[in-house]
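Here the structure is laid out as structure tokens; the discussion comes afterwards.
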Amino acid sequence: MSRYTAADIEAKWQQAWDEAGIFTAKRDPNRPKYYVLEMFPYPSGRIHMGHVRNYTMGDVISRYKSSCGFSVLHPMGWDAFGMPAENAAMAQGGHPGTWTYDNIKTMKGQMKPLGLSIDWSREFATCDPEYYGQQQAMFLDFMDKGLVYRKNATVNWDPVDMTVLANEQVIDGCGWRSGAPVERRDLTQWFFKISDYSGELLDALDDLENWPEKVRTMQANWIGKSKGLQFAFERTDGGAPIEVYTTRPDTLMGASFVGISPDNPLAKELEAKNADIAAFNAECRRMGTSAAEMEKAEKKGLDTGLTVKHPLDPNWELPVWIANFILMDYGTGAVFACPAHDQRDLDFARKYGLPVRDTFVALDDPKPVENEAFVPMKSERVKWLDHFAGLDEATGDEAVAATIAFVENAGWGKGVEQFRLRDWGLSRQRYWGCPIPVVHCDDCGVVPEKKENLPIKLPFDEGGKPIDFSIPGNPLDRNPDWRNCACPSCGKPAQRETDTMDTFVDSSWYYARFTSPGATTPTDLAEAEYWMNVDQYIGGIEHAILHLLYSRFFARAMNITGHLPDKATEPFNALFTQGMVTHAIYKNAERTDEHGRAIYHYPEEVEERDGVMVVAATGENVTVIPSAKMSKSKNNVVDPVNIINAFGADTARWFVLSDSPPERDVEWTASGAEAAHKHLSRVWMLCDRIGEMDDTPGQGPTQADDELLRDMHKAIHDVTMGIESFGFNAAIAKLYGFTNTLAKSKAGKAAKRQAIMTLAQLMSPMTPHLAEDIWAHQGGEGLVALAPWPKADEAMLIDDTVTLPIQINGKRRAEISVPKDMDKAEVEKLALSQEAVIKVLDGNTPKKVIVVPGRIVNVVV
RNA sequence: GCCCGCGUGGUGGAAUGGUAGACACAAGAGACUUAAAAUCUCUGGGCCGAGAGGCCGUGCCGGUUCGAGUCCGGCCGCGGGUACCA
């Protein structure tokens with residue numbers, strides 16, 4: 001008997017697939033196409049289990065669809081621009097490009113042995129000039145269509161390193177390297193007008209039926225359509241009125257104060273004349289720009305001394321406060337606060353001794369607000385205290401509508417539709433990104449670069465020497481060789497834009513580029529017409545909002561600029577969000593680094609001693625944080641290469657698909673891989689045994705044959721359904737079951753041979769190498785990868801008898817075995833005649849008997 | 001803070017509103033073996049009981065239903081996102 005040695009058979013079959021060229025996508029007018037895409041990876045250095053899981057899922061779909069007769073496109077590339085490459089260059093010298101391309105080479109080398117059915121001829125990296133040059137061309141087309149503009153925006157500024165920080169680089173309000181408190185600073189930045197599409201991006205979500213509901217909900221909430229009232233408060237000092245936007249105009253009689261953002265132009269105007277206000281605003285600005293940080297910060301405010309008139313009562317004056325929780329980006333950057341019906345406003349009012357006035361009370365419990373704001377659902381009816389539009393009892397929704405109508409009629413405000421979605425700021429003051437292809441000319445202003453001058457490539461030197469990335473800031477900014485250029489319009493000396501693009505731009509159209517990766521225009525329309533849309537997109541839930549929303553916007557922008565056909569305005573027909581591979585984090589419990597931040601240890605560095613986890617080398621105690629996202633910065637990334645080397649790719653693939661449902665996070669444990677390998681060995685040896693069986697010709701089909709083949713057809717059915725519905729773990733569970741049936745079966749050689757070949761086919765999307773080997777061993781024709789997917793015989797799926805549980809008042813008391821088509825009355829009679837049933841009934845007459853055919857009998861007493 | 005998920009044995013998990021724990025892992029017992037490994041067989045939610053069997057049980061509390069892990073409401077815990085991580 002031979003042994004299962006994955007290393008030999010995997011190399012052999014990968015070579016066979018390569019030679020047959022079966023993964024090269026070809027336009028085929030005679031076959032329907034299927035485009036399966038997994039979110040492309042960031043080349044961080046090494047692949048991790050999350051990648052293996054993600055690409056194996058895509059591979060299962062790809063191979064399955066191919067067997068079903070589709071012409072499949074399954075490409076792979078690299079999301080290659082971004083901060084880590086610059087950080088690496090900063091930390092250890094070298095060039096971000098070198099680091100990135102080295103990583104790509106390593107990771108591709110690690111992916112190849114997995115035997116994925118990828119068309120590698122279409123591979124590209126977003127940092128290839130051929131790719132980002134086309135991106136620059138599209139940027140110019142977007143400019144032409146008015147989808148690009150410049151405005152001021154706030155960034156995190158590190159005053160020591162003199163550089164812009166990403167939110168992730170702001171830790172507890174301080175720069176990650178310098179440790180200096182960050183400041184908010186305004187810069188002129190480039191923006192995409194995604195807000196032009198707010199309504200459409202929202203409405204079109206309804207049609208994305210094959211997207212997870214949760215993703216659609218998250219996007220809808222992010223776009224955040226609201227209907228509210230915009231109006232102005234007159235200032236008592238005669239200054240410019242303060243425009244506010246509110247979604248609860250019905251609570252105007254409960255107004256306590258007007259709050260403005262520290263970034264509101266009025267706040268900025270006041271700080272010039274008032275040292276206290278300047279100090280308060282400066283304090284507010286000593287905080288990162290992230291919404292989470294602002295919302296979680298202690299709510300603080302400062303009375304400006306200004307007052308405004310209440311629009312409904314000229315004698316009623318409200319104070320104007322600057323408050324750190326009011327966002328300049330949303331609405332008008334100013335609100336009126338109604339503490340009685342908003343918890344945050346109430347906390348603020350109590351803290352600063354501002355009035356709290358109820359505008360409505362609950363119908364059943366009309367008590368005034370104290371320390372808990374009364375915030376009922378807008379659909380709940382409440383009692384209004386002194387509503388100016390004459391309401392008595394009404395819901396919040398009715399009151400809002402009535403108020404807007406009243407105010408519009410009175411002429412001092414208007415109902416407006418507002419979106420939370422902001423325009424997409426794409427400027428980055430960094431080197432390792434796609435240069436924005438515009439030129440600043442003293443005479444002509446901002447001028448688009450000429451298309452024939454594209455790509456505007458990133459420089460690799462400055463002043464003839466390699467770029468020094470250890471200096472903070474953007475190397476493009478301080479590089480005159482690169483910066484100085486001729487104005488594309490007038491030809492005079494001018495300066496290049498030194499901002500590069502957000503890396504989300506790169507990933508917003510790569511799916512379209514895969515349809516024609518070598519084209520000298522962003523896309524080749526004929527190719528896009530054939531291959532688009534992506535039929536199945538697979539990626540992490542962490543991309544539910546930004547990446548997917550930006551891609552949806554981009555597809556629309558590419559459509560109106562002629563780079564995608566109309567049918568591709570929603571580029572992803574179906575979306576599946578797989579869970580993350582998680583692993584415990586080991587945090588040093590005894591010390592921190594020189595900046596006072598946590599130290600994380602690799603799984604290999606820790607061990608258990610006397611029931612507690614410690615660092616093996618030092619004996620320091622370790623805090624174990626279970627089930628955290630694998631992340632380089634937390635040192636909890638598991639390397640799949642060891643698994644592949646020890647057991648083979650099929651084992652790794654089988655393991656990541658089994659046990660956990662694909663959409664759920666999976667905690668990595670080492671023990672499962674060995675079990676997967678054992679099982680594959682068992683299948684291999686089963687194949688060997690069947691090959692050595694004696695033929696027994698002349699004998700007709702036995703009952704054992706029939707039983708085996710029935711289970712085979714059930715396996716075909718279950719595995720097919722499992723793959724179609726992303727229930728890979730369920731498909732694998734059935735394959736375990738079928739393997740056990742086959743191993744124990746007394747069937748003859750012909751039936752067993754048919755069963756093992758079908759088993760190989762059903763396993764082929766998950767363990768393609770092993771499947772090919774079994775197929776060849778049993779004399780199958782050609783490659784199993786090219787064999788048509790088996791079809792289940794419906795007649796073989798139906799059992800003649802079914803087992804029905806009998807419940808009495810919802811508790812299971814007995815079961816009966818009946819023919820599957822026995823009618824209800826007979827089932828009922830049989831059920832009631834069961835000894836156990838009679839015993840439990842104890843002479844009582846059943847009130848009702850519910851018979852669900854093929855399912856259950858429930859007797860109600 | 002806000003938005004979106006998730007929570008079932010020792011572990012991963014299964015279950016169109018219809019027998020909770022399929023299929024695995026780890027564990028225990030047995031077979032084979034001089035022995036070990038490998039392989040094979042069996043056992044397995046908790047409590048009570050010699051057994052037959054009974055009671056309890058899907059994070060917590062309540063509701064809808066003949067019937068709830070599944071649907072609804074309120075909590076608790078964990079995770080993702082929060083616009084410059086990708």
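Since the structure is predicted, the reported quantities are computational estimates derived from the model, not experimental observations. Throughout, a chain's letter reflects where its sequence line sits, starting with A, and its residues are numbered from 1.
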Taking the side chain as every heavy atom from C-beta outward, state whether [X] and [Y] have any atom pair closer than 4.5 Å.
X	Y	value
Arg422(A)	Ser195(A)	no
His543(A)	Val215(A)	no
Trp157(A)	Arg184(A)	no

Indicate, with a heavy-atom threshold strictly under 4.0 Å, whether [X] touches base, sugar-phosphate, or nothing.
X	value
Arg682(A)	sugar-phosphate
His547(A)	nothing
Lys214(A)	sugar-phosphate
Ala291(A)	sugar-phosphate
Ser507(A)	nothing
Trp424(A)	nothing
Lys734(A)	nothing
Leu421(A)	base
Phe325(A)	nothing
Pro661(A)	sugar-phosphate
Lys744(A)	sugar-phosphate
Val849(A)	nothing

Given the structure, check if the side chain of Gln189(A) and the base of rC84(B) hold any donor-acceptor pair shorter than 3.5 Å.
yes
Please report the distance, rounded to the nearest Å, between [atom1] in [X] and [atom2] in [N].
X	N	atom1	atom2	value
Ile545(A)	rA83(B)	CD1	P	10 Å
Ile223(A)	rC4(B)	CD1	P	14 Å
Arg420(A)	rC3(B)	CZ	P	10 Å
Asp329(A)	rU82(B)	CG	P	15 Å
Asp659(A)	rG13(B)	CG	C1'	7 Å
Glu293(A)	rC85(B)	CD	P	12 Å
Asp711(A)	rC23(B)	CG	P	12 Å

Using heavy-atom distances to pick each residue's nearest nucleotide on RNA chain B, tell me which of Gly425(A) and Arg344(A) is more 5'.
Arg344(A)
For Val215(A) and Gln169(A), take the nucleotide of RNA chain B holding the closest heavy atom to each; which residue's nucleotide lies nearer the 5' end?
Val215(A)
With rounding to whole Å, what would you report as the distance between [N] and [M] at their [atom1] atoms?
N	M	atom1	answer
rC85(B)	rG62(B)	C1'	43 Å
rG69(B)	rA14(B)	C1'	11 Å
rC71(B)	rC2(B)	C1'	26 Å
rC47(B)	rG10(B)	P	10 Å
rG17(B)	rA68(B)	P	14 Å
rG12(B)	rC60(B)	C1'	24 Å
rA20(B)	rU70(B)	C1'	11 Å
rC25(B)	rC42(B)	P	14 Å

Report the nucleotide, chosen from rA83(B), rC66(B), rA86(B), that has the shortest atom-to-atom distance to any side-chain atom of Tyr550(A).
rA83(B)
Closest of rC23(B), rA83(B), rG80(B) to the Asn167(A) side chain is rA83(B)
According to a strict under-4.0 Å criterion, is [X] in side-chain N/O contact with OP1 or OP2 of [N]?
X	N	value
Asn221(A)	rC4(B)	yes
Arg664(A)	rC6(B)	no
Arg813(A)	rG54(B)	yes
Asn740(A)	rC23(B)	no
Thr503(A)	rA86(B)	yes
Asn809(A)	rG67(B)	no
Lys811(A)	rC56(B)	yes
Ser660(A)	rG13(B)	yes

Ion pair present between Arg813(A) and Glu835(A), side-chain N to carboxylate O less than 4.0 angstrom?
no
Carboxylate-amine/guanidinium proximity below 4.0 Å for Arg430(A) and Asp499(A)
no
Are any side-chain N or O atoms of Asn324(A) and backbone N or O atoms of Glu298(A), one a donor and one an acceptor, separated by less than 3.5 Å?
yes
I'd like to know whether the aromatic ring centres of [X] and [Y] sit less than 6.0 Å apart in this structure.
X	Y	answer
Phe655(A)	Phe647(A)	no
Tyr131(A)	Tyr510(A)	no
Tyr736(A)	Phe738(A)	no
Tyr537(A)	Phe576(A)	no

Asn152(A) and side-chain hydrogen bond (donor to acceptor under 3.5 Å, both in side chains): which single residue from Asp263(A), Thr188(A), Asp186(A) fits?
Thr188(A)
Asp477(A) atom CG, over 12 foreign heavy atoms within 6.0 Å:
yes
Tell me if rG10(B) is syn or anti. Syn = glycosidic torsion within 90° of 0, anti otherwise.
anti
Trp424(A)/Tyr550(A) under ring-ring contact (aromatic ring centres under 6.0 Å, His included): CA gap, chis, key distance, verdict:
CA-CA 8 Å; Trp424(A) 174 5; Tyr550(A) 289 153; 3.8 Å; yes
My validator wants the stems of RNA chain B: runs of 3 or more consecutive Watson-Crick or G-U pairs, both distances under 3.5 Å, written as range with range.
B:1-7 with B:76-82, B:10-12 with B:23-25, B:27-31 with B:39-43, B:45-48 with B:53-56, B:59-63 with B:71-75
Tabulated below should be each protein N or O lying under 3.5 Å from an N or O of nucleotides 17-21 of chain B; please produce it.
from, atom 1, to, atom 2, distance (Å)
rG18(B), N2, Asn858(A), ND2, 3.4
rU19(B), O2, Arg812(A), NE, 2.9

